[in-house]
Amino acid sequence: MNIPSKVHLIDVGPRDGLQNEKQPVPAAVKIELVHRLQAAGLKEIEVTSYVSPKWVPQMADNHEVMSGIARQTGVRYSVLTPNLKGFEAALLDRPDEIVVFGAASEAFSQKNINCSIAESIERFAPVVAAAKAAGIAVRGAMSCTVGCPYEGEIPPERVDYLAGLMKGIGVERVDVADTIGVGTPHKVQAAIEATLKHFPIAQVSGHFHDTYGQALSNTLAALELGVWNFQSSVAGLGGCPYAKGATGNVATEDVVYLLHGMGIETGIDLDALVDAGQFISEHLNRPSGSRVSRALLAKRQG
Ligand SMILES: CC(C)(COP(=O)([O-])OP(=O)([O-])OC[C@H]1O[C@@H](n2cnc3c(N)ncnc32)[C@H](O)[C@@H]1OP(=O)([O-])[O-])[C@@H](O)C(=O)NCCC(=O)NCCSC(=O)C[C@@](C)(O)CC(=O)[O-]
């Protein structure tokens, strides 16, 4: 077993976490959430997406949010860009990294970005080239790497295929996403192993939704393969608009508690993170999706 001694966490709460919220969340609240996450020690935050506001209205304030953040040196701010139109809009806000997002499932690709996997790669290629020319890092999100809400189980060969296509267009690192949280440890490991045929371990991150309560087990399974980059969402916020019934990402608080309990460094202050989670949960008027957060808040109250 290759368990790393340090882990790098990317909080995707402001983007993945909030994109599916029905109630409009003001830009000022999103900005404050980013500020609280960076104050808690997060070194990478997925802030927003430059997608069609008709498709995802909650992200329509991308420019306001990106331009309102008091950026901290050493923190990477990433944004989603599905096409050149999105990239050109994002470029004005100078993200540190853009994310192109594809799927291992044809049906999900169609529902999410309105094109086939092959067409998505054709759209991403100029985005990747333009980002690199502008000195902006490029990540590729790979959705449905173990299961799809429309096609069911996705075999690792499909992940192998997509990871190869991402590598072929110059994507620098990739996320292995269990979009609907159906994965279990061995299936997630198979998806990661398929990705490792194309990307070294340092360029692979785990992105696990917690719909079936498997995300922490899947995190541990990925750690056992040596994965040390993970995405998670403060307070377990989220759900994908094109994956009905899927809950949020694994809560960042829960991942931090797991890692610290295993003696793995994250650089994150769990108490400050719980406060950030509490801030957004209060705004959304519902309890945090993080069990660790709920337990620590109850303990604080004595
Ligand atoms: C990809 C498109 C835009 C294609 O959408 P389309 O309809 O095929 O695009 P189009 O090129 O035909 O354009 C149609 C309209 O959209 C506009 N448009 C076109 N592009 C943009 C853009 N970038 N920004 C703003 N507007 C845009 C364009 O200007 C036009 O406007 P109209 O003339 O009708 O007024 C659309 O399908 C879309 O926005 N989809 C949303 C996808 C999305 O945000 N999904 C959630 C994020 S992915 C995710 O959550 C999964 C992940 C990453 O977390 C990992 C995991 O867990 O799996």
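Just so you know, these numbers come straight off a predicted model, no measurement behind them. Indexing begins at 1, ligand by ligand and atom by atom, following the structure's order.
- Atoms of ligand 1 found under 4.0 Å from any heavy atom of Asn83 (numbered from 1 in listed order, with element): 3 (C), 19 (C), 20 (N), 21 (C), 22 (C), 23 (N).
- Residue-ligand proximity, Ser143 to ligand 1, at heavy-atom distances under 4.0 Å covers atoms 51 (C), 55 (C), 56 (C), 58 (O).
- Atoms of ligand 1 lying under 4.0 Å from any heavy atom of Ala177, numbered from 1 in the order shown and given with element: 55 (C), 56 (C), 57 (O), 58 (O).
- At a heavy-atom cutoff of 4.0 Å, ligand 1 is contacted by both the backbone and the side chain of Val51.
- Ala163 and Thr195 get closest at one heavy-atom pair: CB-CA, 4.1 Å.
- Using a 4.0 Å cut-off between heavy atoms, Met59 makes no contact with ligand 1 at all.
- Considering Pro82, Ser52, Ala104, Ala60 only, the shortest heavy-atom separation from atom 39 (O) of ligand 1 involves Ser52.
- Within ligand 1, the atoms closer than 4.0 Å to a non-hydrogen atom of Tyr50 are 22 (C), 23 (N), 24 (N), numbered from 1 in the order shown.
- The residue from Ile180, Asn112, Val100, Asp175 that puts a heavy atom closest to atom 42 (C) of ligand 1 is Asn112.
- Close N/O approach between Ser49 and ligand 1 is not found [any backbone or side-chain N/O within under 3.5 Å].
- Within the 4.0 Å heavy-atom criterion, the part of Val56 lying near ligand 1 is the side chain and not the backbone.
- Interatomic distance, CG of Asn249 versus OG of Ser233, reported as 5.0 Å (0.5 Å rounding).
- Other residues, nucleotides and ligands place no more than 12 heavy atoms under 6.0 Å from the OH atom of Tyr212.
- Distances between N or O atoms of Cys144 and those of ligand 1 include no value under 3.5 Å.
- Applying the side chain to side chain contact (heavy atoms under 4.5 Å, CB included) test between Val34 and each of Ile45, Val75, Thr48 identifies Ile45 as the sole match.
- Per-residue contacts place Ala141 under 4.0 angstrom from the following atoms of ligand 1 (heavy atoms of the residue considered): 53 (C).
- Annotation: His63, atom NE2; neighbour count of heavy atoms from other residues, nucleotides and ligands within 6.0 Å does not exceed 12.
- With contacts defined as side-chain heavy-atom distances shorter than 4.5 Å, the pair Arg173/Asn229 qualifies.
- Listed by number with element, the atoms of ligand 1 under 4.0 Å from a non-hydrogen atom of Lys54 are 32 (P), 34 (O), 35 (O).
- Considering backbone and side-chain N/O of Gly86, one or more are found under 3.5 Å from N/O of ligand 1.
- Around CZ of Phe101, the count of heavy atoms belonging to other residues, nucleotides or ligands within 6.0 Å exceeds 12.
- Listed by number with element, the atoms of ligand 1 under 4.0 Å from a non-hydrogen atom of His209 are 57 (O).
- Side chain of Asp254 to backbone of Val292: a donor-acceptor contact under 3.5 angstrom is found.
- Heavy atoms of other residues, nucleotides or ligands lying less than 6.0 angstrom from CD of Glu153 number 12 at most.
- Crowding of Arg291 atom CZ: a count of heavy atoms from other residues, nucleotides or ligands under 6.0 Å not exceeding 12.
- Residue contacts with ligand 1: Asp178 is placed with no nitrogen or oxygen under 3.5 Å of a nitrogen or oxygen of the ligand (distance criterion only).
- Within ligand 1, counting atoms from 1 as listed, the ones closer than 4.0 Å to a heavy atom of Arg15 are 47 (C), 49 (C), 50 (O), 52 (C), 53 (C), 54 (O).
- For NZ of Lys167, the number of neighbouring non-hydrogen atoms (other residues, nucleotides, ligands) closer than 6.0 Å is greater than 12.
- Taking all heavy atoms of Glu46, Glu88, Lys85 into account, the minimum distance to atom 21 (C) of ligand 1 is reached by Lys85.
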